Amino acid sequence: MTDQNDILFERARAVIPGGVNSPVRAFKAVGGTPRFIQRAQGAYFWDANDKRYIDYIGSWGPMILGHGHPAVVEAVQKAVLEGFSYGAPTEREIELAEAILALVPSMEMVRLVSSGTEAAMSALRLARGATGRKTIVKFEGCYHGHADALLVKAGSGLATFGNPTSAGVPPEVVQHTLVLEYNNLQQLDEAFALHGQDIACLMIEAIAGNMNFVRATPEFAKRCRELCTQHGALLIFDEVMTGFRVGLHGAQGVLGVTPDLTVLGKVIGGGMPLAAFGGPRAIMEQLAPLGPVYQAGTLSGNPVATACGLATLKEISKPGFYEALAKKTRTLVDGLKAAAVAEGQPFNADSEGGMFGFFLMNELPQNYATVMTTDNAQFNALFHGLLDRGVYIAPALYEAGFVSAAHSEDDIAATIAAAREIFSKR
Ligand SMILES: *Cc1c(COP(=O)(O)O)cnc(C)c1O
């Protein structure tokens with residue numbers, strides 16, 4: 001064996017389940033050996049064979065500035081010298097909280113945590129605590145981290161609740177989770193008509209990035225808001241992926257819909273473990289130590305992570321940042337589409353800000369079931385074709401893609417050319 005990725009994968013599998021610390025990294029859906037990354041700079045990373053890839057996952061969203069942005073590196077280096085963690089409050093946490101609140105007007109207060117999973121789980125507990133209700137509504141294809149109550153798929157009808165999607169989650173734990181079809185207005189209305197008085201919250205990715213890239217229609221997002229207001233439920237936007245990624249004000253800014261609670265992660269940490277949830281003061285003050293809803297974390301608001309997040313937010317707040325990023329991302333999806341059309345490959349694509357998705361079909365799917373009709377073999381051929389040509393996209397067809405400020409026009413053009421070559425050889 002001379003391929004260093006193969007060697008590392010074998011070593012990893014001996015000591016880490018599946019050789020990875022998060023399942024999608026294992027390339028199980030696409031086959032082949034995962035690339036072990038040794039370093040990254042700008043729009044690129046290099047694997048264990050020192051092969052360079054144009055990176056379109058950006059750590060699954062956080063690396064919006066590209067890797068190793070000098071201002072971020074400097075902020076982190078300075079913070080490290082001042083100490084890694086204190087378990088006591090710092091001024092930098094206030095600064096980051098103030099920066100987040102200034103950019104997301106629906107949030108009056110925020111609490112910092114260490115992962116998106118933790119933020120979503122805590123927002124859910126807060127919603128239940130604040131409303132005194134049990135039922136939660138989520139949508140098929142939306143991912144909100146791996147808290148027990150959220151690892152659930154639809155039951156057999158609206159009267160029945162969900163079934164666990166993971167072993168180790170007792171059915172009782174998801175018995176209050178109602179799973180609905182994304183963008184299905186009629187089902188949404190029926191669910192609230194049937195269960196409205198019991199619903200604590202509705203949690204949604206308003207631009208979904210965990211079933212490739214699917215937008216909630218404006219009517220659907222608006223209806224979610226109306227129904228929650230009417231029935232006294234809280235609307236939670238899970239913006240772990242879309243926050244500071246689709247635009248400076250998240251999916252709520254793009255759609256013009258105001259949620260009660262917002263969950264953030266990924267970009268706000270700039271690549272460090274950092275996430276947050278927040279909303280109106282009256283709801284947030286239900287949290288411990290002020291209120292009865294318990295929530296805590298040893299590394300919450302970590303001084304190095306907050307330095308990284310703050311430096312990242314400062315860069316993305318500069319005038320014209322998202323206009324340039326959105327334009328570049330559009331150039332990529334338009335170019336891929338044109339290449340596919342030229343080679344007779346069914347294809348459609350969409351993007352918002354620095355986040356995109358493409359589909360090997362002519363329509364843009366509206367829900368998870370349609371996304372999943374994608375031809376797996378065709379996607380895998382495209383994935384491996386791109387990988388061979390030094391382009392790294394998400395190793396699963398149900399994931400979104402990410403462009404960073406560091407991607408150049410040449411990177412985009414090279415990506416489109418690589419895709420066209422693959423489409424032409426189908
Ligand atoms: C990534 C993601 C999460 C989970 O965040 P982790 O930091 O991986 O725990 C939750 N919700 C959405 C929408 C995400 O994209």
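In this text, all values refer to a predicted model and were calculated from it rather than measured experimentally. Residues: numbered from 1 along the sequence shown. Atoms within each ligand, like the ligands themselves, are counted from 1 in listed order.
- T177 places a side-chain N or O within donor-acceptor distance of the main-chain N or O of A149, the cut-off being under 3.5 Å.
- Sorted by chain then number, the residues whose non-hydrogen atoms approach ligand 1 to under 4.0 Å are S115, G116, T117, Y143, H144, G145, E205, N210, D238, V240, M241, K266.
- In this view, R133 satisfies the salt bridge (Lys or Arg N to Asp or Glu O under 4.0 Å) rule with no residue, not counting sequence neighbours.
- Taking the six-membered ring for Trp and thresholds of 30 and 60 degrees, Y182 and F139 have ring planes more than 60 degrees apart, a perpendicular arrangement.
- Below 30°, between 30° and 60°, or above 60°: for F347 and F358 the angle between ring planes is below 30°, a parallel geometry.
- The salt bridge (Lys or Arg N to Asp or Glu O under 4.0 Å) check on E205 picks up nothing, with sequence neighbours excluded.
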Considering only distance and modelled atom types, tabulate donor-acceptor pairs under 3.5 Å from the side chains of residues 306-314, sequence neighbours left out.
{"unit_1": "T306", "atom_1": "OG1", "unit_2": "N302", "atom_2": "O", "d": "2.8"}
{"unit_1": "T306", "atom_1": "OG1", "unit_2": "P303", "atom_2": "O", "d": "3.1"}
{"unit_1": "T312", "atom_1": "OG1", "unit_2": "C308", "atom_2": "O", "d": "2.8"}

